[in-house]
Amino acid sequence: MKKYIDILCEEIEKAFESCGYDKKYARVSVSNRPDLCEYQCNGAMAAAKEYKCAPIKIAGEVVEKVKTSKYFDSVEAVNPGFININVNADALADYVNQMAKDADHGFEKCAKGEKLIVDYGGANVAKPLHVGHLRSAIIGESIKRICKFAGYDAIGDVHLGDWGLQMGLVIAELEERKPDLPYFDENFKGEYPKEAPFDITELEDIYPAASKKSKVDEDFMQKAHDATFKLQSGYAPYTAIWKHIMAVSVADLKKNYSNLDVEFDLWKGESDVQPIIPGMVDDMIARGIAHESDGAMVIDVAREDDKREIPPCIVRKTDGAALYATSDLATIIDREENFQPAKYVYITDKRQELHFVQVFRAAKIAGIVNDETKFSHIGFGTMNGKDGKPFKTRDGGVMRLEDLIRIITDAVYDKIMENRTVSEEEARNTARIVGLSALKYGDLSNQATKDYVFDIERFASFEGNTGPYILYTMVRIKSILDKYFNGSEVKAEEISFNGEATQKSLMLAAARFNDVLETVVNELAPHKLCAYIYDLANEFNRFYHEVKILAEEDESKKKSYIALLKEVVAILETSIDLLGFEAPERM
Ligand code: ARG
């Protein structure tokens with residue numbers, strides 16, 4: 001559907017043109033003085049310079065022309081040359097009726113099934129999943145859903161960090177703890193056990209212990225490096241341990257991500273592309289893409305117009321080892337072979353920004369992707385505690401995701417039990433759904449690049465700009481609809497305007513959906529969707545407090561209100577799904 005604001009704009013454009021002025025001056029925007037008008041056009045001021053006359057004269061002429069348009073109620077020229085617009089509520093109601101008939105509420109898809117890779121999550125195998133990975137999972141899941149909604153064939157890949165030093169650390173520590181395991185007996189000729197020599201609890205203990213030890217014990221660190229090297233060279237016993245680490249860790253990761261309602265299409269990792277790395281780098285050298293520098297192999301990615309120094313992308317270290325960037329380049333080769341994506345979106349901590357600039361440029365220079373392929377990196381800020389420092393547990397440790405979810409779910413549970421109208425079991429269930437909204441909305445409502453303070457009390461509050469407030473509003477609307485329909489067949493209802501100012505404001509907010517979504521898609525900015533639904537929820541609550549809905553005696557008025565509510569809750573439903581959470585039946 002044409003955007004509502006574009007319809008208004010076209011009316012003003014026609015007027016500018018028929019008065020002999022360029023239509024480029026006819027831009028309409030939402031009014032920044034809602035007390036005066038709903039929309040405005042300030043183009044007469046700029047036009048006055050070109051046509052060398054008073055802006056108010058131009059504004060006055062334009063206003064005369066649009067007076068009869070069915071889309072406007074009142075259009076006024078105001079000194080020095082503003083055009084203040086109030087829209088016609090019947091035409092607006094019509095527009096919202098059209099939206100209600102469309103599955104996407106009037107949003108037009110901008111992609112036609114092009115493939116798009118969303119690289120998010122990025123957990124490191126064998127290390128516990130902590131809040132540091134939470135943002136990537138939450139933001140990435142939302143971005144993937146937004147891209148799907150926009151018409152892309154979006155594919156989410158968790159891209160595990162499963163090939164680094166942490167593996168060597170685990171192996172070295174395991175050898176100290178259980179030296180009798182066959183993996184550590186060089187003469188062992190039999191089959192390695194199918195059963196992993198540890199469970200997830202033990203594995204979660206092994207890595208932090210090993211990491212701590214490696215910082216104070218040089219010998220141990222050397223052992224870990226040796227083990228990593230042996231593993232990466234294909235040493236069979238360590239490959240067998242690595243497979244156990246993978247199986248135990250990935251099963252746990254799957255459980256954790258699923259608790260977050262985060263679903264990946266692909267569970268690939270750095271290890272998957274290791275076999276193609278030597279050939280890739282050799283080929284880059286042979287083609288003169290990579291060259292030697294201080295013993296390492298690098299690709300120059302700096303450009304003349306760079307405003308800052310962009311160092312070369314190192315693809316092979318002096319000792320022959322591959323690096324993070326090498327893995328990422330090989331992964332792009334793999335993705336090109338399998339999917340030929342039109343676009344790649346990576347979601348990581350913003351401290352990796354330079355890494356991605358280098359990788360994206362190197363991929364183009366090396367011809368791994370074609371010129372049209374789009375790359376984007378969404379770098380996010382840190383989740384801080386109330387003290388402004390990265391969020392930690394009370395004793396200063398890294399907060400585990402499971403614990404974090406539990407804390408927020410408990411906070412919501414207590415709130416629900418305060419006015420105990422539901423069974424304990426239902427309250428637990430509801431608390432999980434609402435807790436997730438608190439966590440996700442608390443994150444997504446901030447611009448991703450910014451750091452934010454993780455404030456459980458605020459995020460879990462049923463009032464203010466929070467996930468629970470949005471859900472509470474939806475539950476309220478659904479309960480009105482349930483009472484009205486009372487289990488009967490859902491009849492098609494039409495929205496008509498009944499003269500209430502709050503109804504008009506609510507329709508105006510609803511009508512902005514496709515416009516907002518377009519921006520959200522273009523900028524991959526979930527926080528703008530949050531701001532929008534907060535606004536829509538507020539408009540609904542104003543309407544709700546002002547207007548008697550179910551007690552309305554005029555049946556046709558009541559039907560019209562119900563029809564509007566149906567569309568508002570449908571928009572909210574679509575929006576929270578794009579943000580990655582859902583609403584409970586009751587709260
Ligand atoms: N495992 C990495 C980390 O924990 C994130 C991976 C992001 N994705 C990528 N293709 N580099 O920092």
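What's counted below: heavy atoms across the whole structure, side chains too, no hydrogens, waters or symmetry copies. Predicted model, so just to flag it, every value in this text is computed and none were measured. Numbering starts at 1 and runs along the sequence shown.
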Determine yes or no for a side-chain-to-main-chain donor-acceptor pair under 3.5 angstrom, with [X] supplying the side chain and [Y] the backbone.
X: Asp217; Y: Asp219; answer: yes
X: Glu402; Y: Asn256; answer: no
X: Ser214; Y: Met221; answer: no
X: Lys478; Y: Arg586; answer: no
X: Glu176; Y: Ala172; answer: no
X: Asp306; Y: Glu309; answer: no
X: Asn446; Y: Gly442; answer: yes
X: Tyr532; Y: Ala509; answer: yes
X: Thr466; Y: Ser461; answer: yes
X: Thr373; Y: Ala342; answer: no

Evaluate the side-chain proximity of [Y] to [X]: yes if any heavy-atom separation is below 4.5 Å, no if none is.
X: Leu565; Y: Val568; value: no
X: Arg177; Y: Asp205; value: yes
X: Tyr120; Y: Ile139; value: no
X: Tyr183; Y: Ile171; value: no
X: Phe198; Y: Glu204; value: no
X: Asp162; Y: Met167; value: yes
X: Phe380; Y: Ile138; value: no
X: Phe107; Y: Val521; value: yes

>> Between Asp403 and Arg406, does the salt bridge (charged side-chain N to carboxylate O under 4.0 Å, His left out) criterion hold? Intermediate values first, please.
In response: CA-CA 5 Å; Asp403 299 328; Arg406 205 194 48 246; 3.2 Å; yes
Could you tell me the separation between the [atom1] atom of [X] and the [atom2] atom of [Y], rounded to the nearest 0.5 Å?
X: Ile405; Y: Leu439; atom1: CD1; atom2: CG; result: 6.5 Å
X: Phe356; Y: Lys350; atom1: CZ; atom2: NZ; result: 15.5 Å
X: Ile365; Y: Cys313; atom1: CD1; atom2: SG; result: 9.0 Å
X: Ile571; Y: Ile576; atom1: CD1; atom2: CD1; result: 13.0 Å

Restricting to non-hydrogen atoms, name the atom on [X] and the atom on [Y] that form the minimum distance, rounded to 0.1 Å.
X: Ala123; Y: Leu253; result: CB-CD2, 3.8 Å
X: Asp261; Y: Gly580; result: CB-O, 4.3 Å
X: Met587; Y: Pro468; result: CE-O, 3.6 Å
X: Leu536; Y: Ala510; result: CD1-N, 3.7 Å
X: Val301; Y: Ala362; result: CG1-N, 3.8 Å
X: Asp451; Y: Gly381; result: OD1-CA, 3.3 Å

Exercise: do [X] and [Y] side chains pair donor with acceptor under 3.5 Å:
X: Glu567; Y: His105; value: yes
X: Thr239; Y: Lys243; value: no
X: Glu518; Y: Asn514; value: no

>> Test of understanding: with salt bridge (charged side-chain N to carboxylate O under 4.0 Å, His left out), list the residues that count as partners of Asp443, not counting sequence neighbours.
In response: Arg135
Count the heavy atoms belonging to other residues, nucleotides or ligands that lie under 6.0 Å from [atom1] of [X], then report whether that count exceeds 12.
X: Lys255; atom1: NZ; value: yes
X: Lys178; atom1: NZ; value: yes
X: Ile378; atom1: CD1; value: yes
X: Glu426; atom1: CD; value: yes
X: Glu523; atom1: CD; value: yes
X: Asp387; atom1: CG; value: yes
X: Phe229; atom1: CZ; value: no
X: Glu546; atom1: CD; value: no

>> Let's go through Gln274 and Ser327 carefully: what are the C-alpha distance in whole Å and the side-chain angles of both, what is the deciding distance for side-chain hydrogen bond (donor to acceptor under 3.5 Å, both in side chains) to 0.1 Å, and is it a yes or a no?
In response: CA-CA 7 Å; Gln274 296 311 309; Ser327 279; 3.2 Å; yes
Any salt bridge between [X] and [Y], counting N to O under 4.0 Å?
X: Asp349; Y: Arg351; answer: yes
X: Arg542; Y: Glu539; answer: yes
X: Arg308; Y: Glu353; answer: yes

>> Tell me whether Lys115 forms a cation-pi arrangement with Phe339, defined as NZ or CZ under 6.0 Å from the six-membered ring centre and within 45 degrees of its axis.
In response: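 Not flagged: Lys115 not positioned over aromatic ring of Phe339.
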> Going through the checks in order, is the salt bridge (charged side-chain N to carboxylate O under 4.0 Å, His left out) test met by Lys415 and Asp410?
Replying inline: CA-CA 9 Å; Lys415 288 226 161 60; Asp410 285 351; over 6 Å; no
> Considering the options Leu471, Ile408, Ile470, which one meets the side-chain contact (heavy atoms from CB on, under 4.5 Å) requirement together with Ser437?
Replying inline: Leu471
> Per the side-chain contact (heavy atoms from CB on, under 4.5 Å) rule, which among Val248, Ile245, Leu174 passes with Pro197?
Replying inline: Leu174
>> Exactly one of Lys144, Arg335, Lys268 should register a salt bridge (charged side-chain N to carboxylate O under 4.0 Å, His left out) with Asp157. Which one does?
In response: Arg335
> Taking the six-membered ring for Trp, are Phe513 and Phe149 parallel (under 30°), tilted (30 to 60°) or perpendicular (over 60°)?
Replying inline: perpendicular
>> Please evaluate residues Thr430 and Val422 with respect to the criterion side chain to side chain contact (heavy atoms under 4.5 Å, CB included), reporting the C-alpha separation (whole Å), side-chain torsions for both, the decisive distance (0.1 Å), and the verdict.
In response: CA-CA 10 Å; Thr430 308; Val422 295; 5.7 Å; no
May I ask you to check whether [X] and [Y] place their ring centers less than 6.0 Å from one another?
X: Tyr324; Y: His355; value: yes
X: Phe459; Y: Phe454; value: yes
X: Tyr469; Y: Tyr534; value: yes

>> What verdict does the salt bridge (charged side-chain N to carboxylate O under 4.0 Å, His left out) test give for Arg145 and Glu141, after you've listed the backbone C-alpha separation in whole Å, the side-chain angles of each residue and the deciding distance to 0.1 Å?
In response: CA-CA 6 Å; Arg145 293 180 187 207; Glu141 180 70 19; 2.8 Å; yes
